[in-house]
Visitor: 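This is the structure I want to talk about, given as structure tokens.
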Amino acid sequence: AGMNGTAIENFVCVIFNVSFMNCTWHVGRTASGDTQYFLYWKTSRKEDFTECQDYIEDNCGRHTGCRFRNVTIEKIRAYFLVNGSVSGQNIHISDYIIVEKLTPPLNVTVNCTETSHGCEIRWQPPHTSHVKTYACFKYEIVIENK
């Protein structure tokens with residue numbers, strides 16, 4: 001639906017600090033200067049869409065992103081809708097990406113002993129917005145000798 005070339009492009013959402021999400025996009029290639037976009041989202045088919053309350057704007061005043069607070073994604077899916085003011089028609093998203101930037105691991109402890117000439121490092125997985133299985137996490141430890 002909507003006029004050709006007016007649909008947003010490169011739609012990406014980044015979740016950070018567990019409950020904040022920024023979604024950004026590029027204006028459609030043929031979108032006129034007065035094209036305006038409105039972002040709605042929900043985390044299940046059963047609930048109603050919620051509109052963005054904190055838009056990010058470009059120099060022309062067009063919405064090119066949204067900042068969400070208190071985000072929780074219980075399931076794997078999220079649903080997004082972008083509505084535009086071009087002829088009052090919906091502008092659909094064909095692809096979108098959601099990325100979560102994880103917080104550092106929690107409760108990191110280091111126990112080094114001279115007798116074993118080694119150290120034991122322990123931690124707990126970071127809090128996430130929606131991951132319940134931590135088996136897929138991989139950690140990298142950088143040890144600096146000071």
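Along the sequence shown, residues carry numbers from 1.
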Visitor: Show, in sequence, the C-alpha distance, side-chain angles and deciding distance for L39 and F11, and conclude whether the side chain to side chain contact (heavy atoms under 4.5 Å, CB included) test is met.
Guide: CA-CA 11 Å; L39 175 63; F11 183 79; 3.9 Å; yes
Visitor: Return the minimal non-hydrogen interatomic distance between V110 and C112, and the atom names on each side.
Guide: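 For V110 versus C112, the nearest heavy atoms are CG1-SG, 3.7 Å.
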Visitor: Could you pull out the closest heavy-atom pair between P104 and P126, with the gap in Å?
Guide: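 Heavy atoms only, the tightest pair is O-CB, 3.6 Å.
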Visitor: Taking only residues two or more places apart in sequence, or in another chain, which ones meet D58 in a side chain to side chain contact (heavy atoms under 4.5 Å, CB included)?
Guide: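 Partners of D58 under the side chain to side chain contact (heavy atoms under 4.5 Å, CB included) test: V27, C60, R62, T64.
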Visitor: Can you name the side chain to side chain contact (heavy atoms under 4.5 Å, CB included) partners of T109, sequence neighbours left out?
Guide: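 For T109, the residues satisfying side chain to side chain contact (heavy atoms under 4.5 Å, CB included) (neighbours in sequence not counted) are R122.
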Visitor: Nearest 0.5 angstrom please: R29 CZ to I8 CD1, how far?
Guide: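 Rounded to the nearest 0.5 Å, the CZ-CD1 separation comes to 13.0 Å.
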Visitor: To the closest 0.5 Å, what do you measure between CG (N107) and CD (Q124)?
Guide: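 Between atom CG of N107 and atom CD of Q124 there are 4.0 Å.
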Visitor: Check the angle between the aromatic planes of F80 and W41 and answer parallel, tilted or perpendicular using the 30° and 60° thresholds.
Guide: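 Correct class here is parallel.
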Visitor: By the definition disulfide (SG to SG under 2.5 Å), identify the one residue from C52, C66, C13 that meets it with C23.
Guide: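 So the option named by the test is C13.
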Visitor: I need the minimum non-hydrogen distance between P105 and Y139, along with the two atoms involved.
Guide: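 Looking at all heavy atoms of both residues, the shortest contact is CG-CE2, 3.8 Å.
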Visitor: Same hydrophobic cluster for I56 and M21, using side-chain heavy-atom links shorter than 4.5 Å among ILVMFWY?
Guide: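 Unlinked, I56 and M21 end up in two clusters.
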Visitor: In Å and rounded to the nearest 0.5 Å, what is the CG to CD distance from N59 to E57?
Guide: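 Here the rounded value is 10.5 Å.
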Visitor: Could you check if a side-chain atom of V82 sits within less than 4.5 angstrom of a side-chain atom of W25, using non-hydrogen atoms only?
Guide: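 A side-chain contact is absent here, since even the closest heavy-atom pair is not under 4.5 Å.
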Visitor: Within the side chain of Q53, is there an N or O that forms a donor-acceptor pair under 3.5 Å with the backbone of F68?
Guide: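 It does not hold such a pair.
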Visitor: Between Q36 and H63, which heavy-atom pair has the shortest distance, and what is it?
Guide: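 For Q36 versus H63, the nearest heavy atoms are OE1-N, 2.6 Å.
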Visitor: Are any non-hydrogen side-chain atoms of F20 and R67 less than 4.5 angstrom apart?
Guide: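 SC-SC contact between F20 and R67 ruled out.
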Visitor: Could you check whether any side-chain heavy atom of V14 comes within less than 4.5 Å of a side-chain heavy atom of K101, counting everything from C-beta outward?
Guide: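 V14 vs K101: side chains touch.
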Visitor: List for me each residue that meets side chain to side chain contact (heavy atoms under 4.5 Å, CB included) alongside Y79, sequence neighbours excluded, and say none if there are none.
Guide: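 Only K42, R45, F49, R77 meet the side chain to side chain contact (heavy atoms under 4.5 Å, CB included) criterion with Y79.
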